Amino acid sequence: MTTVITRIPPSPTGRFHIGTARTALFNYLFARHNNGRIVFRSEDTDKTRSKKEYEDEIINGLHWLGITWDEFSRQSEHTSRHRALLEKLINEGKAYISKEQSKNDSSKTVEIVRLKNPGKEITFNDIVRGDITFDTTELGDFVIARSLDDALYHFAVVVDDMDAGVTHVIRGEDGISNTPRQILIQEALGAKRPAYAHLPLILDEKRAKLSKRSGATSVMDYRDEGFLPEAIVNYLALLGWNPGGDREDFSLTELVDVFSLDNVQKGGASWNRDKLLSVNQRWMRKLSDTEYLVNIKNISPNINSFDETLLTKTVPLLKERARTFSEALDMLSGELACIFTPPKPEHDILISKEPDNARGATQRHLETLISKIDSLPNEAPADIIKTTIMPYADKEGRGEVLWPLRYALSGQKRSPDPFTLIEILGKDESVKRINTSLAILVNNE
RNA sequence: GGCCCUAUCGUCUAAUGGCUAGGACAUCGCCCUCUCACGGCGGUAAUCGGGGUUCGACUCCCCGUAGGGUCACCA
């Protein structure tokens, strides 16, 4: 039994794309599940488009997701090896140098290298799809290098995979049509054919291949928006694969345990932000309150302007509402802002629910509530507060008591329930706020 | 257009010849409830079409249809 070796070969010509992350993830899961090795190779042979910053982003992003590898290399470091094999093929008559007019600059003549195509049918087995057959004659003598020192992608990949001992090529479905040409190169080189698995593509809402035009396609955008790496991994793994049951909640290590290429889907899967949001919320809720706050701080350092104690008490409310950390951040200055900033209640809203004798009744309720809150022990939890207040509310009418109370505390038509608010704000601040509303009632007389 | 791949609720999917076709997200309704959110319960919703094979097809075969991918001196 030979060791499984997979590869993660991103080209650093753009940001860390979701598709790159998904392919990397499946290579990672398959290799780790089989106690194999993973080779990371930066496919940087396009000198004009490759950028170090992209490579850094991809590496950082992969690590952020928890994806690791055992070997690191850059394709550009292998040019002498490529040249040697190119020369070998030419000497053996399997490839030849061809003087042609440059396609990029028609005034120039260049010496490119073409593979002598035996022109036969190639059938390869795809783990996901079964046998796939191509007639390679239509490919002709295709170009494998711009020059002896400048191999093209197909040639470089085949050589590098061969040298790294790659046993399984797991990549996107868009690689299917590249496969016969790569096999032709392998055969010319006498390389062993690896196993292939072509993953279904991730599609956008319009069911086209996910591209820059499809919206946020960089994993880093999701990180910056406050998504958890665990959620991205969990969601990505289930796009085009599933272990066969109803379970949907998987950490990276759990995925390694159950992963298999056998149950990879064949059809493309479309990206669904709503589903991702719900997966993310599930993972956010698993965090401790402290971890939760750290994550909010990571996306917005100026959260420090909020009172730390109040912030900590607010986390449970955020957990039940926010699906991303940026949503949580928005809530702190939106629907939960009343916790941090004393409200400015309006007279008419305070009593708007009351029919007649409204003002007098509301005033009486609020005064009663103040004395009840005063009688509470310090740091009383919401359920104690509730049992203290509810009998009175039930007697006088819940809406007539609870609405002014909650509105006095929050100044908002929509807010968390009054008991929770009192718990978070504390006795003193709560009474203070109710008194403010009382004053508004009286002054409007 | 040539070649290749694919086809179960709106979306992600389960069911690999034998069930009222299951789950999740979304959606709708009810309950909880002063509001919001959470939560609980329930509903709507799918095997692309036509032929075979078979006692029996979501499942196997063929033909259509539709969608996608790929056709570089990019990777």
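Since we're looking at a predicted model, the values are computed, not measured. Naming convention: chains lettered A, B, ... in sequence-line order (proteins, then strands); numbering from 1 in each chain.
Not a single donor-acceptor pair under 3.5 Å links the side chain of A:Lys94 to the backbone N or O of A:Lys88. In this structure a side-chain-to-backbone donor-acceptor pair under 3.5 Å is present from A:Arg406 to A:Lys413. In this structure a side-chain-to-backbone donor-acceptor pair under 3.5 Å is present from A:Thr136 to A:Lys120.
Within 4.0 Å of A:Ser147, counting heavy atoms only, lies no atom of the nucleic acid at all. A:Ser278 comes within contact range of the sugar-phosphate backbone alone, with a heavy-atom separation under 4.0 Å but no base atom that close. Residue contacts for A:Arg398: at a heavy-atom cut-off of 4.0 Å it reaches the sugar-phosphate backbone alone, with no base atom in range. The residue A:Lys209 sits close only to the backbone: its heavy atoms come under 4.0 Å of sugar-phosphate atoms, none of a base. Nucleic acid contact class of A:Thr133 (heavy atoms, under 4.0 Å, all strands): sugar-phosphate only. Residue A:Gly175 is classed as having no contact, given no heavy-atom separation below 4.0 Å to the nucleic acid. Counting non-hydrogen atoms under 4.0 angstrom, A:His198 reaches nothing in the nucleic acid. Nucleic acid contact for A:Asn178: base, since at least one base atom lies under 4.0 Å from a heavy atom of the residue. When heavy atoms are screened at a 4.0 angstrom cut-off, A:Val110 is found touching base atoms of the nucleic acid. Among the protein residues, A:Asp417 comes within range of the nucleic acid bases, having at least one heavy atom under 4.0 Å from a base atom. When heavy atoms are screened at a 4.0 angstrom cut-off, A:Arg49 is found touching base atoms of the nucleic acid. Using a 4.0 Å heavy-atom distance criterion, A:Glu248 is classed as a base contact.
Distance CZ (A:Phe155) to P (B:C74): 15 Å, rounded to an integer number of Å.
Put simply, A:Ser177 has no side-chain N or O that comes within less than 4.0 Å of OP1 or OP2 on B:G69. Taking side-chain N and O atoms only, A:Arg285 has a distance below 4.0 Å to OP1 or OP2 of B:G39. Between B:C73 and A:Lys103, a contact under 4.0 Å exists linking OP1 or OP2 to a side-chain N or O. When the side-chain nitrogen and oxygen atoms of A:Arg146 are compared with OP1 and OP2 of B:A72, none of them lie within a distance under 4.0 Å. Listed pair A:Lys275 / B:U13 fails the phosphate criterion, with no side-chain N or O lying under 4.0 Å from OP1 or OP2. The phosphate of B:G68 has neither OP1 nor OP2 within less than 4.0 Å of any side-chain N or O from A:Arg129.
Not a single donor-acceptor pair, N or O on each side, falls under 3.5 Å between the base of B:C38 and the side chain of A:Arg321.
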>> A:Asp160 vs A:Arg7, test: salt bridge (Lys or Arg N to Asp or Glu O under 4.0 Å). Steps then yes/no.
In response: CA-CA 10 Å; A:Asp160 294 348; A:Arg7 20 154 261 173; over 6 Å; no
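Looking at A:Glu225 and A:Arg273, a side-chain N of the basic residue comes within less than 4.0 Å of a carboxylate O on the acidic one, giving a salt bridge. Using a cut-off of 4.0 Å between Lys/Arg side-chain N and Asp/Glu carboxylate O, A:Asp417 and A:Lys386 are scored as not salt-bridged. Looking at A:Glu187 and A:Arg193, a side-chain N of the basic residue comes within less than 4.0 Å of a carboxylate O on the acidic one, giving a salt bridge. Between A:Arg321 and A:Glu335, at least one side-chain nitrogen of the basic residue sits less than 4.0 Å from a carboxylate oxygen of the acidic one, meeting the salt-bridge criterion.
For residues 233-245 of chain A, the pairs satisfying side chain to side chain donor-acceptor pair (under 3.5 Å) are A:Asn234-A:Trp283, A:Trp241-A:Asn263, with sequence neighbours left out.
Heavy-atom distances under 4.0 Å link RNA chain B to A:Gln265, A:Lys266, A:Gly267, A:Gly268, A:Ala269, A:Ser270, A:Asn272 of residues 263-273 of chain A, given in residue order.
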Return the polar atom pairs (N/O with N/O) between nucleotides 43-45 of chain B and the protein under 3.5 Å, or none.
none

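Between A:Thr368 and A:His365, every side-chain heavy-atom pair lies at or beyond the 4.5 Å cut-off.
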